[in-house]
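What follows is one structure encoded as structure tokens, with my remarks underneath.
Note that the coordinates shown come from a computational prediction; the quantities given were computed from them, not determined experimentally.
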Amino acid sequence: MKNLFLLLSFIFFSLLSMQAQKVNEGKQEFMKKTTGNAFTITIQGQEKNVMAVLDEKFRSGLNTKPKSKSGFHYYEGVTFSEIANNRWDYYYKTERASRKSSSETRITVFVSAGNNNFLTSTNYPNEMGKLTEMMEGLQLDVKIYEMGLLIAEQKKVVAKEAKAHEKMVTDSVKLEIELAETLQSIDQNKLDRKNQLQLIDQEKDRLATFKAQLAELKQGEPLKPSDKALIEEVEKAVEDEGDGDGK
């Protein structure tokens, strides 16, 4: 999320400050071995994104991937019709324009007729004019590319948040079901307690009846030994029941 915010801020402010940069022509170091005439421009954009746009620009025109060497991407002996119908060599590289900031990138392009015979706008004004126009148009291409990255990343964020919301909805339904079941259990428990109290009262009434009947028996005719034994057994049972009721 932090990287997304930084990229968004970078694109927003760079769009506000974006001005048409001009291509410069002059001697530049080539492959760390020699020098040659090159075309350079500094534009707004992260270095990796600028290189991605440049690669796509050449790849779409040549239908093949570039080779790489000494920091350069290059094509040799190809006809890049956007520039010329000649079979030339194209070498290009990108680098941060400043060590303090990654928001600007310097592009360097060499065009050679072969054997490091680098071309100039003096000898090939039309073709190098097209190269200059292409390079100056890269600023808009890079901004479109970076905005595409931003949109793709934001789609992921939206999808993630939508998924989190779906989980919340699922959890909410589950919690509502559990709450309904809990409330139903509480109501059932209240009913069970009420019924249990009624049952206790009924059993107490029966106990009182048994005690009264026992008292009547004791006041009746003389008891036989067998009846006395039965009464004693009943009295013991009543006492036990009474003890349990007291607890």
Side-chain angles (χ1 to χ4, degrees), residues 6-7 10-11 13-15 17-149:
L6 291 175
L7 179 59
F10 163 69
I11 292 176
F13 288 110
S14 62
L15 283 173
S17 61
M18 186 171 65
Q19 298 178 353
Q21 299 294 321
K22 297 298 181 181
V23 171
N24 295 312
E25 182 179 2
K27 292 286 185 180
Q28 297 289 335
E29 183 182 59
F30 178 72
M31 295 288 187
K32 300 180 181 180
K33 294 180 179 180
T34 184
T35 59
N37 189 68
F39 298 82
T40 62
I41 188 173
T42 298
I43 66 174
Q44 293 284 333
Q46 296 182 5
E47 188 272 333
K48 63 179 181 179
N49 296 335
V50 174
M51 179 58 84
V53 170
L54 262 174
D55 280 341
E56 180 58 29
K57 176 75 70 174
F58 279 96
R59 185 164 49 239
S60 61
L62 298 171
N63 295 318
T64 184
K65 295 181 179 180
K67 298 178 181 179
S68 60
K69 182 180 179 181
S70 299
F72 282 86
H73 288 192
Y74 66 93
Y75 294 88
E76 294 180 331
V78 296
T79 300
F80 186 42
S81 58
E82 186 171 343
I83 304 300
N85 292 324
N86 307 67
R87 293 179 64 84
W88 287 341
D89 303 335
Y90 295 86
Y91 305 87
Y92 57 93
K93 70 175 181 177
T94 58
E95 55 191 333
R96 288 173 58 168
S98 171
R99 292 182 179 179
K100 297 181 179 180
S101 173
S102 62
S103 63
E104 289 187 329
T105 298
R106 181 168 54 251
I107 303 170
T108 304
V109 180
F110 292 85
V111 182
S112 170
N115 298 318
N116 294 344
N117 181 21
F118 299 109
L119 309 184
T120 67
S121 58
T122 301
N123 296 330
Y124 295 90
N126 292 333
E127 292 82 353
M128 296 305 100
K130 291 180 180 179
L131 174 64
T132 297
E133 183 179 350
M134 184 192 80
M135 292 177 67
E136 291 177 350
L138 288 173
Q139 179 67 89
L140 179 59
D141 294 338
V142 169
K143 293 308 166 191
I144 292 174
Y145 177 81
E146 291 186 335
M147 188 58 69
L149 293 178

**Study point:** Shortest non-hydrogen separation from A84 to E127 and the atoms involved
**Key:** CB-CG, 3.5 Å
Practice item. Show the numbers, then the answer: is there a salt bridge (Lys or Arg N to Asp or Glu O under 4.0 Å) between R96 and E47? Key: CA-CA 6 Å; R96 288 173 58 168; E47 188 272 333; over 6 Å; no
Review point. Which residue pairs satisfy the ring pair (Phe, Tyr, Trp, His ring centres under 6.0 Å) criterion with at least one member in residues 112-136, sequence neighbours excluded?
Key: F30-F118, W88-Y124, F110-F118
Practice item. Calculate, to the nearest 0.5 Å, the distance between atoms CG and OG1 belonging to N24 and T42 respectively. Key: 8.0 Å
Practice item. Decide if atom CD of E95 counts as having more than 12 heavy atoms of other residues, nucleotides or ligands within a radius under 6.0 Å. Key: yes
Revision key, fill the gap. Here the gap from E56 atom CD to M51 atom CE, rounded to the nearest 0.5 Å, amounts to 13.5 Å
Point to revise | Pairwise distance NE2(H73) to CG(L54) - rounded to 0.5 angstrom | key: 9.5 Å
Check your understanding: Taking C-beta and beyond as the side chain, do Q44 and Q139 meet within less than 4.5 Å on heavy atoms?
Key -> yes
Point to revise | Verdict with supporting geometry, Y145 and V50, side-chain contact (heavy atoms from CB on, under 4.5 Å) | key: CA-CA 9 Å; Y145 177 81; V50 174; over 6 Å; no
Check your understanding: Where is the tightest heavy-atom contact between M31 and F72, given as atom of each residue plus distance?
Key -> N-CE1, 3.6 Å
Point to revise | Test item: I83 and V111 side chains (from C-beta on) under 4.5 Å apart, heavy atoms | key: no
Check your understanding: Between F39 and Q28, is any pair of side-chain heavy atoms under 4.5 Å apart?
Key -> no
Point to revise | Heavy-atom closest contact (T34 atom, N116 atom, distance) | key: CG2-ND2, 4.3 Å
Review point. How far does NZ of K93 sit from OG of S68, to the nearest 0.5 angstrom?
Key: 14.0 Å
Point to revise | Centroid-centroid distance, F80 to Y90, less than 6.0 Å | key: yes
Exercise for review: Find out whether M135 and I107 are in side-chain contact, i.e. whether some heavy atom of one side chain is under 4.5 Å from a heavy atom of the other.
Suggested key: yes
**Study point:** Distance-only donor-acceptor check, side chains S121 and E25, under 3.5 Å
**Key:** yes
Review point. Are side-chain heavy atoms of F58 and Y74 found at a separation under 4.5 Å?
Key: no
Check your understanding: Step by step, would you call I41 with L138 a side-chain contact (heavy atoms from CB on, under 4.5 Å)?
Key -> CA-CA 10 Å; I41 188 173; L138 288 173; 5.5 Å; no
Revision key, fill the gap. Looking only at heavy atoms, the pair that brings R59 and P66 closest together is NH1-CD, 4.3 Å
Review point. Between S102 (side chain) and Q46 (backbone), is there a donor-acceptor pair under 3.5 Å?
Key: no
Review point. G77 and R87: which non-hydrogen atoms are nearest, and at how many Å?
Key: O-NH2, 2.6 Å
Exercise for review: List the atom of E136, the atom of Q21, and the distance in Å for their closest heavy-atom pair.
Suggested key: CG-O, 3.4 Å
Point to revise | Check: N117 main-chain N/O paired with S112 side-chain donor or acceptor under 3.5 Å | key: yes
